[in-house]
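Here's the structure we're looking at; comments come further down.
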Amino acid sequence: MNKRNDLVIISIHKTNKLYFAAAFSQKGKIVRIALPKTNLEDLITEISNYHPKFIINNMHEKIVAIIAEIYHGNKSNFDIELLEMDIPNKSSHVTSTLKTNFERDVILEVASIPQGHVRTYKEIATSVKTQGYRAVGTAIGKNPFPIVVPCHRVIRSDGKIGGFRGGKQMKIEMLINEGFKIKSDKILLEK
DNA sequence: GATTGACGCCGAG
DNA sequence: CTCGGCGTCAATC
């Protein structure tokens, strides 16, 4: 289990204009994925907020490159085993990747949404057997593995796009990359 | 306890 | 269609 104070390895991959990055534990598991940015510094800053102790080494660049492919809608599957899904002990108050069983249940459910499909927050809530729709939204909002765990494919029950940590525009862009059509903040289901 | 959410539903304009 | 208001529940203060 990787904790806040543990050393992580950050690998970076650049596409046309965007920098992608992910943080890996010593065991080689992904502990954090950053949303792409046009500025490399911002990207590192974001990850360092969660993992102050890091080194930059591109030994894992191939994996980050795959994440970039998924972002652009060019690849659909990813080995979930690469993600650090462990939950910390009750006593350790450090910031780790996932904190509670509830969060993990939600993340695993979202991870099962195939490329080119969407589900609603309500449907995810039903799958994890709760009526706390907002709580589900909050858990998804903290998704440590964006892109790979496709939280951008979770939309509101009324068809509207809903929120996104990297801004709604990025969510829309990713959905368009996967072939969806969007009109006035609503998704058109026939694609 | 009280407050805060990447939500859902219904009813009023 | 847009709002407000309330339901609901997990995390955080």
Side-chain angles (χ1 to χ4, degrees), chain A residues 1-5 18 20-22 30-37 42-43 45-47 49-52 67 70-71 73 78 80 83-190:
Chain A
M1 152 68 50
N2 191 278
K3 299 191 178 61
R4 179 181 172 83
N5 295 321
L18 292 175
F20 292 80
I30 298 176
V31 295
R32 192 110 221 153
I33 295 174
L35 262 357
K37 291 192 180 352
D42 293 347
L43 196 64
T45 301
E46 186 190 322
I47 293 189
N49 284 342
Y50 298 100
H51 295 99
I67 294 170
I70 297 173
Y71 177 89
F78 189 90
I80 291 299
L83 305 177
E84 177 55 83
M85 288 287 190
D86 286 353
I87 308 292
N89 303 342
K90 198 73 181 236
S91 55
S92 73
H93 59 296
V94 294
T95 303
S96 53
T97 301
L98 288 172
K99 281 191 176 164
T100 65
N101 290 305
F102 178 74
E103 284 180 5
R104 182 169 56 188
D105 289 348
V106 170
I107 292 304
L108 283 174
E109 196 59 38
V110 175
S112 74
I113 307 175
Q115 194 257 14
H117 292 247
V118 289
R119 276 206 241 161
T120 66
Y121 291 97
K122 183 181 181 181
E123 287 168 341
I124 301 297
T126 301
S127 296
V128 302
K129 298 178 174 54
T130 179
Q131 292 181 78
Y133 314 122
R134 305 190 68 154
V136 168
T138 303
I140 294 176
K142 291 192 287 186
N143 178 17
F145 316 115
I147 306 171
V148 162
V149 172
C151 53
H152 59 285
R153 296 181 194 141
V154 186
I155 61 172
R156 295 177 21 160
S157 292
D158 59 8
K160 289 188 179 173
I161 300 305
F164 195 70
R165 269 202 112 51
K168 189 177 291 190
Q169 277 315 307
M170 186 179 287
K171 187 171 183 176
I172 289 173
E173 185 182 326
M174 294 173 79
L175 289 169
I176 289 175
N177 287 345
E178 295 191 7
F180 286 100
K181 292 218 168 36
I182 289 158
K183 196 171 186 178
S184 57
D185 198 37
K186 282 207 168 188
I187 196 153
L188 305 181
L189 287 174
E190 327 77 61

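Worth knowing before you read on, the calculation uses all heavy atoms, side chains too, and leaves out hydrogens, waters and symmetry mates. Here the structure is a predicted model, which means the values were calculated and not measured.
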What verdict does the salt bridge (Lys or Arg N to Asp or Glu O under 4.0 Å) test give for A:D185 and A:K168, after you've listed the backbone C-alpha separation in whole Å, the side-chain angles of each residue and the deciding distance to 0.1 Å? CA-CA 9 Å; A:D185 198 37; A:K168 189 177 291 190; 3.5 Å; yes

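Taking only side-chain atoms of A:K186, from C-beta outward, the nucleotide of B:dG5, C:dT12, C:dC1 with the closest atom is C:dC1. For A:K99, counting side-chain heavy atoms from C-beta on, the closest listed nucleotide (B:dG8, C:dT12, C:dC9) is C:dT12. Candidate nucleotides B:dG8, C:dA10, C:dT12 were compared by shortest atom distance to the side chain of A:K142, and C:dT12 ranks first. In the set B:dA6, B:dC9, C:dT2, the nucleotide with an atom closest to the side chain of A:K122 is B:dC9. Here the nucleotide nearest the side chain of A:C151, chosen from B:dG5, B:dA6, C:dA11, is B:dA6.
Residue order along DNA chain C, read from the 5' end via each residue's closest nucleotide, puts A:K160 first among A:K160 and A:A135. Residue A:T138 is the one, among A:I155 and A:T138, whose nearest nucleotide of DNA chain B lies closer to the 5' end (criterion: closest heavy atom).
Atom CG of A:D158 is separated from atom C1' of B:dA6 by 13 Å (rounded to the nearest Å). What separates CD1 of A:I140 from P of C:dC9 is a distance of 17 Å, to the nearest Å. In this entry the distance linking OH of A:Y133 with C1' of C:dT8 reads 8 Å, nearest Å. The CE atom of A:M174 sits 14 Å away from the C1' atom of B:dA6 (whole-angstrom rounding). Rounding to whole angstrom units, CG of residue A:D185 and C1' of C:dT2 are separated by 13 Å. In this structure, A:F102 atom CZ and C:dT8 atom C1' are separated by 11 Å, rounded to whole Å. Rounded to whole angstrom, the span from the CD atom of A:Q131 across to the C1' atom of B:dG5 amounts to 18 Å. The distance from atom CD1 of A:I107 to atom C1' of C:dA10 is 14 Å, rounded to the nearest whole Å.
Base engagement by A:R165 is indicated by at least one non-hydrogen atom pair under 4.0 Å involving a base atom. Nucleic acid contact class of A:G132 (heavy atoms, under 4.0 Å, all strands): sugar-phosphate only. Here A:F164 lies in heavy-atom contact (under 4.0 Å) with a base.
Tested against A:R32, the residues A:E46, A:E84, A:H51 include a single side-chain contact (heavy atoms from CB on, under 4.5 Å) partner, A:H51.
When Watson-Crick and G-U wobble pairs are counted only if both distances are under 3.5 Å, C:dT8 pairs with no nucleotide at all. For B:dA6, there is no paired nucleotide, since no Watson-Crick or G-U wobble pair has both relevant distances below 3.5 Å.
For A:S157 and B:dG8, the shortest distance from a side-chain N or O to OP1 or OP2 is below 4.0 Å.
In this structure, A:Y71 and A:L18 approach most closely via the heavy-atom pair CE2-CD1, 3.9 Å.
Side-chain atoms of A:I172 and A:F164, non-hydrogen and from C-beta on, never get closer than 4.5 Å to each other.
For the 3.5 Å distance criterion, the side chains of A:S112 and A:R119 qualify, holding a donor opposite an acceptor.
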